[in-house]
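A short write-up of the structure that comes next.
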Amino acid sequence: DFCLSRGLGDVYKRQVKKYDSSKRISSEDLTTILEALRLSASSINSQPWKFVVVESDSAKQRLHDTFANKHQFNQLHAKEASHTILFAYDPKFTKEKFVKRVDAEVASGHLPEAMRDSFMGAYAFAEANTDENGYNGAWTKAQVYLAFGNLLHTLARLGIASTPMEGVDADLIGELFSEELDGHVCEVALALGYADEEQDLSLIHI
């Protein structure tokens, strides 16, 4: 298990300012990254999120274009990083959406059929954070950060560098990635790859 393969004293986190655009994350490591996201915890197993992986040159160009108006200090990462992941939350996580999560758990065998109705009561946690307009984005965004933290730990274990970016333009990302986001809101992204060793000296021992 990659999470247990190193002692804590051997783990390093790289928060990169300059990436080596010639180095790519392997398909094996990318599979591990996606699995870490899939298995991330969320309150009541709500999973009120979408993770958009920016990998192709055309997608990187779109991401680059989202920095047209602000946060240009992060713009270079759009093309130089091996991949960038957009973390997006559902601003209106309804009970109907939760039903789909619960039914999927029942279908997979993770939740006994007999417990379905009682588990539905867990939606009260979402209701407590939902306003009169059905907005519960503050709560769902918090769930996104659970996945974000889980992935940062995974990347450190894999020896892959990353750059957390709250310096993104949510409006332009929503416009240029509207099809992928499908109504979700992206206010944070994570660039990942390998540092340009000659131009980037950032290294944090964790």
Side-chain angles (χ1 to χ4, degrees), residues 1-8 11 13 25-55 59 82-131 133-160 162 164 173-174 177-190 192 206:
D1 188 315
F2 74 90
C3 283
L4 300 177
S5 63
R6 300 180 184 178
L8 287 177
V11 179
K13 177 184 180 299
I25 294 172
S26 70
S27 58
E28 179 182 4
D29 282 347
L30 185 59
T31 296
T32 299
I33 288 167
L34 297 179
E35 186 70 354
L37 288 172
R38 188 182 73 83
L39 295 176
S40 292
S42 59
S43 177
I44 66 171
N45 196 28
S46 53
Q47 304 171 51
W49 50 42
K50 273 187 176 290
F51 307 117
V52 178
V53 180
V54 178
E55 180 177 20
S82 174
H83 296 69
T84 299
I85 299 177
L86 309 181
F87 288 73
Y89 62 90
D90 186 343
K92 293 187 176 182
F93 184 71
T94 64
K95 191 170 186 177
E96 290 70 27
K97 293 173 182 177
F98 184 56
V99 166
K100 293 180 180 179
R101 304 286 194 270
V102 175
D103 286 345
E105 288 295 291
V106 172
S108 68
H110 291 126
L111 180 69
E113 175 71 35
M115 294 181 62
R116 181 189 180 280
D117 291 343
S118 62
F119 192 76
M120 278 300 306
Y123 186 73
F125 285 96
E127 287 180 324
N129 291 280
T130 303
D131 68 16
N133 298 313
Y135 178 83
N136 46 29
W139 180 76
T140 55
K141 184 179 179 180
Q143 311 314 311
V144 165
Y145 275 91
L146 293 177
F148 197 90
N150 185 45
L151 185 55
L152 286 175
H153 177 266
T154 300
L155 293 171
R157 292 291 182 175
L158 292 172
I160 296 173
S162 62
I173 288 178
F177 288 87
S178 60
E179 183 175 349
E180 292 89 347
L181 291 174
D182 189 28
H184 290 64
V185 179
C186 173
E187 296 180 347
V188 63
L190 186 67
L192 40 151
I206 60 171

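We use all heavy atoms of the structure for the numbers below, so side chains are in, but hydrogens, waters and symmetry mates are not. Position 1 is the first residue of the sequence, and the numbers go up from there.
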Any chance you could measure [X], atom [atom1], to [Y], atom [atom2], to the nearest 0.5 Å?
| X | Y | atom1 | atom2 | answer |
| --- | --- | --- | --- | --- |
| L192 | I33 | CG | CD1 | 5.5 Å |
| L146 | Q47 | CG | CD | 12.0 Å |
| K50 | I85 | NZ | CD1 | 14.5 Å |
| E96 | Y123 | CD | OH | 7.5 Å |

Applied to residues 104-129, the salt bridge (Lys or Arg N to Asp or Glu O under 4.0 Å) test, sequence neighbours excluded, yields D103-R116
Salt bridge (Lys or Arg N to Asp or Glu O under 4.0 Å): which pairs involve residues 26-38, sequence neighbours left out?
E35-R38
Counting C-beta onward and ignoring hydrogens, is there a side-chain heavy-atom pair between [X] and [Y] closer than 4.5 Å?
| X | Y | result |
| --- | --- | --- |
| V185 | T140 | no |
| W139 | S43 | yes |
| H184 | Y89 | no |
| F177 | C186 | no |
| F51 | F87 | yes |
| L111 | N45 | no |
| V53 | T84 | no |

Regarding N150 and S40, do their side chains bring together a donor and an acceptor under 3.5 Å, going by distance alone?
yes
Can you tell me if F125 has over 12 outside heavy atoms packed within less than 6.0 Å of its CZ?
no
Knowing that exactly one of D90, D131, T130, T94 qualifies, which makes a side chain to side chain donor-acceptor pair (under 3.5 Å) with N136?
T130
side-chain contact (heavy atoms from CB on, under 4.5 Å) filter on A142, not counting sequence neighbours, yields none
Might you point out which heavy atoms bring V144 and A88 nearest each other, and give the distance in Å?
CG2-O, 3.6 Å
